[in-house]
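What follows is a single structure, written as structure tokens, with notes after it.
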Amino acid sequence: MKFQILNADYTYSDDLPVVRLYGRDESGNSICCYVPGFEPYIYAKAKPELSAILLEKFKEHIRRIEQVKRFEPVGYFKNKTSMLKIILYDPKSVPIIRDDVRKMVDEIYETDILFRNRYMIDKGLGGMGWAKAEPEGDTISNEVISDLKITSRNVEPVEILKNAPLRHLAFDIECLPLNGAMPVPETSPIVLISLAFAPDFDGKKTLVLVGKGAKADNETESCGSEEAMLKRFFEIIKKYDPDILVGYNSNSFDIPYIVDRIKTLNRKGARIEPIAGRDGRDLYYKKIGNVTRISVMGRIAVDVLPLLRREFSLKQYTLRNAAKELLGSEKLEIPFLEMETYWKDNGEKLSKFIEYSRRDSELALLFLLKLRLIDKYIALARVSGTLLQDILDGGQTQMVENLMLREYMKNDRVLPARPTGEMSDERYDEGEELAGAEVLPPKKGLLENIVILDYKSLYPTIMMAHNLCYTTEVVGERPADVIVAPTGGVFVSSKVVKGIVPSILEDLLNRRQETRAKMKTANEEEKRVLDATQLALKILLNSFYGYSGYTRARLYSLTLASAVTSFGRENILRTKDLIEKDIREIILKDGKAFKKDENISGKRIGLSVVYGDTDSVFVHLADKEINFDEAQLVGNTIANTVTDSLVKPMELVFDSFARRAIFLAKKRYALLIQEKTAKGLKEKIKVKGMETVRRDWCELTTKTIEKVLELVLKEGKVDDAVLLVKNTINSIKTIDASSPLFEDLILTRQYTKKIESYKNRQPHITVIEKLQKRGIISHVGDRIPFVIVAGNAIFVDRAEDPEYAQKKNLPIDVDYYINKQILPPVERILSDFGVTREMLRGMGERKVQTETKQKQLFEF
DNA sequence: GAGGATACCTAG
DNA sequence: TTAGCTAGGTATCCTC
């Protein structure tokens, strides 16, 4: 029997732990596989003699102790160390005896690996991977909800590319605000629950449950009461048996609200059993600091909102705005204060309320399926072996550690426990800081003909090229064959021993290449899976460096992280030198490129590096007439020459060709990229770091700068740009809250931390405070929109909620928008052409004016 | 009024 | 307290 592993936990049988794997098979059955017989264990560094003492002292917990040889976690060692593998009866014993054991031995290892993860890692199984199990008879289990329940001692991984036919259930609740206040579960009822299904449920795509008597139809169900509606909701979950439970902001709002509301109702005599997981336990949530964790065992709880936040840079993430920006769909709106009226109505308004609610769950499902939001996470789970829920909730740490633990195990190495809070603080305090990448100062102003080259996966390839790893770091005696990083870190060369991290990276890199090759011949469906897979491989490749410099990582190594960045800095500086001093110029003749010493007469193109950041170099070609093919040829020639001088697999490649570029500062520039497409040459503007790509400027700024860049880069019309800015300024001089341009004046900023932790007054924080007084609560993480209104108060106090400003028709601070939002960014671009602030305000004229002189601007 | 500190967001 | 990393620009607040 084969199934895809969705989730895992463990239970007990005869006081011994039994792992449970939850999954779905190819034909669509949900499966729970019980795996008895796997034993929990930890490692301790101690003399063999200690085992008898430990056994005696913890005889209730320890089943037996094996004397083993393992490598310690960090450092190059010739020999393994004597350790004890302590095998326990119960996974729960680990935290009980851990601290006492630690005091008796030199060190303990792998003491905080969750039992279900320990099992999967040891057996080569992983999240969203396929497993093959030989059933040893059916399992009698009342509590687990699943089509098939089996027991098997022998579960093995199998390679299957496609995913099982997963069932998705999206949901959304509507709560009634009482007297216009934000709903709280203690007093405000849930009145509607909307559901959306993929695949259909009983022939329905959606279903709205109504918490009172109402007109029903095929996709609307009248439940009579709130209690009955909630019961029906959990009944549907059981019947539909979804693998993926989706909502918008569901982890932070809907699920906690449902849980708390049911508690309130049950306290008052209702009898609602909120069983949502396949393990038969009640729905619950845990608050860890600011974040709420939801676990619906056997299924995956997906909150679309944090996924969108990670994936797309939007000014606002309200369902309404996200749907508009990403799905091009308008959300039905019902004013918050009118909800009560809509609910109490029994005719048209109630129907409207129901449709409004239906749309919300539909949108959540659409986000997930149309934007293919979890494909990447499924691929990450499969590639790293981590459970999907852990990847959705957590970060890169778990994935890296999962891969590391698997490889460490194969190499007889043990992994340290996660550091405590104090330990990671100490790591900060040790003084030395991790220095990052090198950014080359840009040649500011307008330039033409720039070839952009970059290193493919720079940091991973540096680690591979120089064998940088925890396991190659020289900690003791220094062998003969070593590699010394520019910062001084010493590592043994791959001739001595190949590092585990470089091996993992090599494997990931090879698999990525293979995956990309397979994509060429795959069908649509396979292609999607393969594309997500290659993306996941790329993410993982790039995770190892960041992980090594993360102070809370099990395997934190400043030496390793510094070695990587120092090689990176050295490399980009060396690349610049190589291009400017060694290669210096490229000779083009008959469609071929030659180096300067090849003594060929042709078109000689001088090279200079005008910018570079971390892994890229921007090479200016000193020739006015360069076409795309020539640029690409020059680019490839430089890239190949540089690559030849590097240790494999480091590789510099041609990325793109910019016909024109404006550099304002480090990390701030705009390029006019020329590209070859099926329809011939295309040009597009690519902006980095400037206001058009930043979310803390208003739309007015974005639009103006976009047009200015367009005029200057595409057409070289500086005077037209000046005129445009003058017109823009004029057009907003008379603006008020009722004009259509008002929307363009809205700025947004993220509310990043608790209000008390702010040391300076901030505009968006004053808005949050104003809104709170009006009964609207903001949450940390929200992006807060605001406009600046006119008045005598200081700047921060004149920030106001846009809706409120509009409703009260507050006057706009036009000067602020002209002097702070328009002029500075425009000036930064145009000052290089002799444009001054006075000219933009409409006073004075630019000196260079004629068509011919303007053209000269591009000719230096 | 200068200059440092703080906050935000982006590049890579 | 759960979260890969550093470099860098810009605006505004705050302190002296």
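Naming: A, B, ... by sequence-line order, numbering from 1 per chain.
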Pick base, sugar-phosphate or nothing for [X], based on heavy-atom distances below 4.0 Å to the nucleic acid.
X        : value
A/Arg828 : sugar-phosphate
A/Gly546 : base
A/Ala435 : sugar-phosphate
A/Val291 : base

- Task: Search all heavy atoms of A/Ile638 against all heavy atoms of A/Ile579 and return the closest pair with its distance.
- Result: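 Residues A/Ile638 and A/Ile579, closest heavy atoms: CG2-CG1, 3.6 Å.
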- Under 4.0 Å protein heavy-atom contact, by nucleotide of nucleotides 6-12 of chain B - B base, S sugar-phosphate only: SSBBSBS
- Query: How are the rings of A/Phe663 and A/Tyr611 set relative to one another: parallel (under 30°), tilted (30 to 60°) or perpendicular (over 60°)?
  - Reply: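 Tilted, since the angle between the ring planes falls between 30° and 60°.
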- Would you please classify the geometry between the A/Phe567 ring and the A/His466 ring as parallel, tilted or perpendicular, with 30° and 60° separating the classes?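 Aromatic pair A/His466/A/Phe567 classed parallel.
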Can you tell me if the side-chain N/O atoms of [X] get under 4.0 Å from OP1 or OP2 in [N]?
X        : N      : value
A/Lys820 : C/dT10 : no
A/Ser543 : C/dG4  : no
A/Arg552 : C/dA3  : yes

Report the distance from atom [atom1] of [X] to atom [atom2] of [N], rounded to the nearest whole Å.
X        : N      : atom1 : atom2 : result
A/Asp390 : C/dT2  : CG    : P     : 14 Å
A/Ile794 : C/dC14 : CD1   : P     : 7 Å
A/Phe795 : C/dC14 : CZ    : C1'   : 15 Å
A/Arg569 : C/dT6  : CZ    : P     : 12 Å
A/Leu403 : C/dG4  : CG    : P     : 14 Å

- Item | Which residue lies more 5' along DNA chain C, comparing A/Pro763 with A/Thr551 via nearest heavy atoms |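 Of the two residues, A/Thr551 wins.
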